[in-house]
A.B. asks: 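After the structure tokens below, expect a handful of questions from me.
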Amino acid sequence: MDNNLLAEAINLTLFGMGFVFVFLTLMVLVTTVMSLLVKRFQPNLNLATTSNIEFSSDIDEKTEAIIKKAIKMHTKT
Amino acid sequence: MDNNLLAEAINLTLFGMGFVFVFLTLMVLVTTVMSLLVKRFQPNLNLATTSNIEFSSDIDEKTEAIIKKAIKMHTKT
Amino acid sequence: MDNNLLAEAINLTLFGMGFVFVFLTLMVLVTTVMSLLVKRFQPNLNLATTSNIEFSSDIDEKTEAIIKKAIKMHTKT
Amino acid sequence: MEQFNILWNNTGLYQMVWGQGLMLLVGILLIYLAIVKKFEPLLLLPIGFGAILSNIPGANLAVDGGILHLFYMVGIESGAFPLIIFMGVGALTDFGPLLANPKTLILGAAAQFGIFATLLGAVGLSALGVFDFNLKQAAAIGIIGGADGPTSIYVASILAPELLGAIAVASYSYMALVPLIQPPIMRAMTTEKERQIKMVQLREVSKTEKIIFPIILLLLVALLLPAAAPLLGMFAFGNLMKESGVVNRLSDTTQNALINIVTIFLGLAVGSKLMAEKFLQLDTLGILVLGLVAFAIGTTSGLLMAKLMNIFSKNKVNPLIGSAGVSAVPMAARVSNKVGLESDPHNFLLMHAMGPNVAGVIGSAIAAGIMIQFLA
Amino acid sequence: MEQFNILWNNTGLYQMVWGQGLMLLVGILLIYLAIVKKFEPLLLLPIGFGAILSNIPGANLAVDGGILHLFYMVGIESGAFPLIIFMGVGALTDFGPLLANPKTLILGAAAQFGIFATLLGAVGLSALGVFDFNLKQAAAIGIIGGADGPTSIYVASILAPELLGAIAVASYSYMALVPLIQPPIMRAMTTEKERQIKMVQLREVSKTEKIIFPIILLLLVALLLPAAAPLLGMFAFGNLMKESGVVNRLSDTTQNALINIVTIFLGLAVGSKLMAEKFLQLDTLGILVLGLVAFAIGTTSGLLMAKLMNIFSKNKVNPLIGSAGVSAVPMAARVSNKVGLESDPHNFLLMHAMGPNVAGVIGSAIAAGIMIQFLA
Amino acid sequence: MEQFNILWNNTGLYQMVWGQGLMLLVGILLIYLAIVKKFEPLLLLPIGFGAILSNIPGANLAVDGGILHLFYMVGIESGAFPLIIFMGVGALTDFGPLLANPKTLILGAAAQFGIFATLLGAVGLSALGVFDFNLKQAAAIGIIGGADGPTSIYVASILAPELLGAIAVASYSYMALVPLIQPPIMRAMTTEKERQIKMVQLREVSKTEKIIFPIILLLLVALLLPAAAPLLGMFAFGNLMKESGVVNRLSDTTQNALINIVTIFLGLAVGSKLMAEKFLQLDTLGILVLGLVAFAIGTTSGLLMAKLMNIFSKNKVNPLIGSAGVSAVPMAARVSNKVGLESDPHNFLLMHAMGPNVAGVIGSAIAAGIMIQFLA
Ligand code: NA
Ligand code: NA
Ligand code: NA
């Protein structure tokens, strides 16, 4: 019985590690291809960056940086 | 059978739209009367505005405005 | 029957108030001893104060105070 | 080798049926619309993601015991999520423009005709054998014309949970498409001169009026249409928390953390209703078509009512604000403003359109109450 | 016409019984007190709104399947909401003043006599036939004298859920009325000279002491009164999160988003216990009367204990801080300060009163544990 | 006197068995480690507190009807808490460094050998009669080597809920101990010259790539290993919310209020699995030993894989980043950086190590999916 259990465990290990490698290797490939495609067809996607942040320009950049840090300090701690 | 269903649907439409109009018309009336009463008996209700915001006055107004915007930016986006 | 209820209530009151006093008196003692021990063996515990707040020093203290107040205003109201 | 077979037989690839593959693409489409086209991303991104998760072959996330099914049962089946969202919407709504010009409530009433016309259409097409909707389903589909996501989801969860996925997707998609759907209708139904009508400036509304308004709304609902009390009660509660000024910390949390948390799980839970075998049916196509019709009719009836009011009223209203009565807050009001600016670049209709806009929220909740009253 | 009849028969107006009408007015009164009189608005606004929602005829929001009933079952029946609130209160509590002067814990003990005296009164009046409370109910009513909302709700949910609505309303109302209830008693029970007693300045308390305190509290409760462990355990946990300084993000969320979210739903859920047929009974009147008595006796016994302590102690305490032992944090401490300033405008008692004030929270949780231990 | 006996018989002191006393000390130890030693305080503080609460004699907080048991059933038994945490972790993860150098994914794969070696070890020691773990239990223990708290808890809740407490404690404790466990192994397995390898600077990664990545991850999981879809689906969803930029308010709430709230209740719920009669067993010791072995083997296999890659690859990797493949984000990456600086004070490996570090999260979720696929 115990030997059977051990055999199962070995099987699981072989298949498990194998699958982990297959999966992550596949991710390397797919990710690399994806990055190449993205770089090739530099998309004109109008991707949001900070478009939904309404922040009028009369605040100088340094103040803004200070405030952002303050808010970050507040939210991340 | 289907005609019966259609009749029900027509009934529901008539009563439904009728009720929607009755209700919102009633709201027009009640709201108007309420506004008149409020204006007439200008209440001395001690309504909270920003009383529970403790903000000492040693910060100039411009800085305060900047910070409020920053916080708004932070919370609403 | 009702007298029985009343007797139970009186019992509960005596034991209850007694226990409340015993418990809080015990807390006075234990707390006092604890404070003495803490003062005696001034611990070198490296207790976190604000260590997980990363706030670079290029912001002057007054600005920082202003922002902290603003954030407090925002979060506590 | 046995393990290998088990593994292969359990892959999504092996188990996938064509419908699931199609639904994965639908999910990606919804995510694309949310991210790139900015279609109501707050809902369509979670719904799209939920759609993908629900259609992963063998993962069983949207059926008994799956996490999305759990979210659905806890949040939507119980009615809690749409009602909490409605409370949050109440806390984000400003009734000032409505109180300044209460007769715009009538525009919010008129625009609900889209709901009932669509109900009629759905029943009629079913009588003709085109579709096969019963009365409850027809009513749930009609509510799409109310242009209010949580109201649609709430009604569908009660009257036609089997259609909830398609109804929610249609509802949010068309709300996002309001800037495309409404302007042609608005231009067709109004004259250039009507579009140039300048409205009298809105008066200042006092804090007291704003505080009393949600209580009046609640009491009227309580007295006249208890079936609408859950929706409008939570809505009025959110608004009262905001306007009262004495529970700012509750109001802030309602407008932020609470509504955000519930939105995430509502979206994922709605996604659980986009399983291929339920969603890929002729019904769904019918819902998409009828939903669009509902929006168009609602827009039209709002515009026509505004023109009708101008016949009897001294203070003319610009009919362009009538279309905002469908709700889709604040998109429809912005559309009114934008189309108005085309005819007169100095005529800002935004605040005037906010009145019918929020009135439309109340109007469709009333219509929802009627449906639930008679059909649930 | 049939539809019209159905609609009319389903209106709130048609179905309303007088009790529901009265409860709508009670709900409006609570909202009025919350907004205009600022009576504990964080709780009384949601409770008042919940009271209205629960008494809408035909809406059935507070019975099986209704959303408020759901909130009640999930949050209060399970015990979760009051315990989470108590965790939040712990995270908002500073035990510094208590640690600086631990003997003020005794004042927090004395003030709990209001709880037990009221228990006796309720049982006595029931023996006399004035009311009809059993021992469990009498205990739940007595806890009102603890001047602690979540403790009252927690105990009532276990010992007398049928009285929970009235107990919660009484508890929060009298907490709001502390500035009216306490000062006359304080002036009557103390001499002008006593009220002018200046107390020695509180010492600085180290971070280490503040961190160790909640652990000591937890262990003492664990060893001596396990029945109080849920309440005081969660309380100590909240306090430890705050004082430890290593989980600031958890502590911040506990003090803000989490306690706010739970407060909203706790209030609405309590409102579900204000249905007319349950609330409009002689019992409720009894609870209101007994609750007021509980506050008064608690205040008195706190004051008397302070005077008693001055007989034996060298460092005199100003007896005005004794009344803060009922808890009602931080209102009762502010009242001590205010009444003290009347006798000596340079004598600030606020920090001194915070000691007995937070001790009162512990004291009434211990009393609650005793009640649950013997009666649950 | 009867009352006194009842009270005494109900005290914790009277009812305590030695195991409970020991577990109170274990709880205090965990709190001490969290506060003073800063061992993963976000989890170990609530877990430690929960351990104390669960072992209060007579309080019954962690059994049927107790509040901690309720938290466990609602949040962990259902799978919701670990999945929500994983969504939050996704929203906090930046895949930029991974996308800049995708082959580091292989390092994240190699480090998972710790999981399977430990599974083998647990089964082997059981075959030898040292322990008595079945295959499910062995798999749940192995996952500790994944160095990912929510993954460990999720797998344990499915495969071996009876071991969940010990597994969670081991998992978070060893994650906290990474700066002690890894460096000796790293120094032993690498030469000074290898540790000085300078890696080519990481390229800039575009927003578009970051948005597409979680969708690719989701689809690969959907197609190949549906059993990993709950974990990696929620993870990818959180990441997509963050990177898409169109639902910032949802992403912010996920990263803050939501993850904080769930962390608190997850910790307390895990604590409910630390009841003396369940926890104080030889099994627990086995778990602690095997968990440490798992971390060590994972670290070693990550390092060795990096050295292997250098044989075949032109762009050499510094093998020190291999150990970061166990995850324990971001601690393990910081350790790579720190050990690297010892050999070359100008060689900052932090960003290079972030690639394998987040790859390790994916890797152990895949391993978890395999275990669930074959054993659940
Ligand atoms: Na509408
Ligand atoms: Na108290
Ligand atoms: Na890992």
Side-chain angles (χ1 to χ4, degrees), chain A residues 1-56 59 64-65 67-77, chain F residues 95 98-100 102-110 112-113 115-117 119-120 122-124 126-129 134-135 138-139 142 203 205-209 211-213 216-217 219-221 224-225 228 244-249 252 255-256 359 362-364 366-367 369-371 373-375:
Chain A
M1 285 298 274
D2 278 335
N3 279 349
N4 194 2
L5 192 68
L6 203 56
E8 272 191 70
I10 292 171
N11 253 335
L12 189 55
T13 298
L14 293 176
F15 272 95
M17 271 317 282
F19 188 85
V20 168
F21 271 111
V22 167
F23 188 93
L24 289 174
T25 308
L26 208 57
M27 282 219 69
V28 175
L29 296 177
V30 177
T31 301
T32 307
V33 170
M34 181 271 283
S35 288
L36 285 174
L37 290 176
V38 167
K39 269 178 272 184
R40 172 82 44 109
F41 307 101
Q42 194 54 273
N44 285 326
L45 302 182
N46 171 26
L47 291 174
T49 48
T50 52
S51 67
N52 50 359
I53 295 174
E54 276 150 37
F55 202 93
S56 73
I59 299 174
E64 191 178 340
I67 289 168
K68 274 185 180 159
K69 266 187 198 155
I71 288 165
K72 204 172 169 189
M73 174 190 80
H74 163 61
T75 51
K76 296 288 163 55
T77 57
Chain F
F95 282 114
L98 181 69
L99 285 162
K103 74 179 175 190
T104 56
L105 277 160
I106 302 299
L107 297 172
Q112 308 317 317
F113 184 62
I115 292 175
F116 292 99
L119 160 75
L120 280 181
V123 167
S126 299
L128 293 174
N134 61 35
L135 201 52
R203 71 171 175 88
V205 171
S206 73
K207 196 83 191 146
T208 311
E209 288 169 84
I211 293 176
I212 295 175
F213 181 79
I216 286 182
L217 172 59
L219 292 180
L220 275 180
V221 170
L224 297 179
L225 189 64
S244 72
V246 293
V247 292
N248 289 340
R249 55 181 296 159
D252 282 353
Q255 292 173 41
N256 292 288
I362 299 174
S364 48
I366 294 291
I370 294 275
M371 302 299 196
Q373 178 77 71
F374 281 101
L375 302 176

A.B. asks: Taking side chain as everything from C-beta outward and backbone as N, CA, C, O, which of these in F/Ala139 sits under 4.5 Å from a heavy atom of chain A? Side chain, backbone, both or neither.
C.D. replies: neither
A.B. asks: Identify the heavy atoms of A/Thr31 and F/Phe213 that sit nearest to each other, and give their distance.
C.D. replies: OG1-CE1, 3.7 Å
A.B. asks: So do the side chains of A/Val22 and F/Leu224 get within less than 4.5 Å of each other, counting heavy atoms only?
C.D. replies: no
A.B. asks: Tell me, out of F/Asn134, F/Ile212, F/Ile362, who's got the most heavy-atom pairs with chain A below 4.5 Å.
C.D. replies: F/Ile212
A.B. asks: List for me each residue that meets side-chain contact (heavy atoms from CB on, under 4.5 Å) alongside F/Leu120, sequence neighbours excluded, and say none if there are none.
C.D. replies: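 A/Ala9, A/Ile10, A/Thr13.
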A.B. asks: Residues in ring pair (Phe, Tyr, Trp, His ring centres under 6.0 Å) with F/Phe116, at least two apart?
C.D. replies: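 Expected list: none.
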A.B. asks: What part of F/Val205 is in contact with chain A, defined as an atom under 4.5 angstrom from a non-hydrogen atom: side chain, backbone, both or neither?
C.D. replies: neither
A.B. asks: Is F/Leu98 in contact with chain A via its backbone, its side chain, both, or neither, using a 4.5 Å heavy-atom distance?
C.D. replies: neither
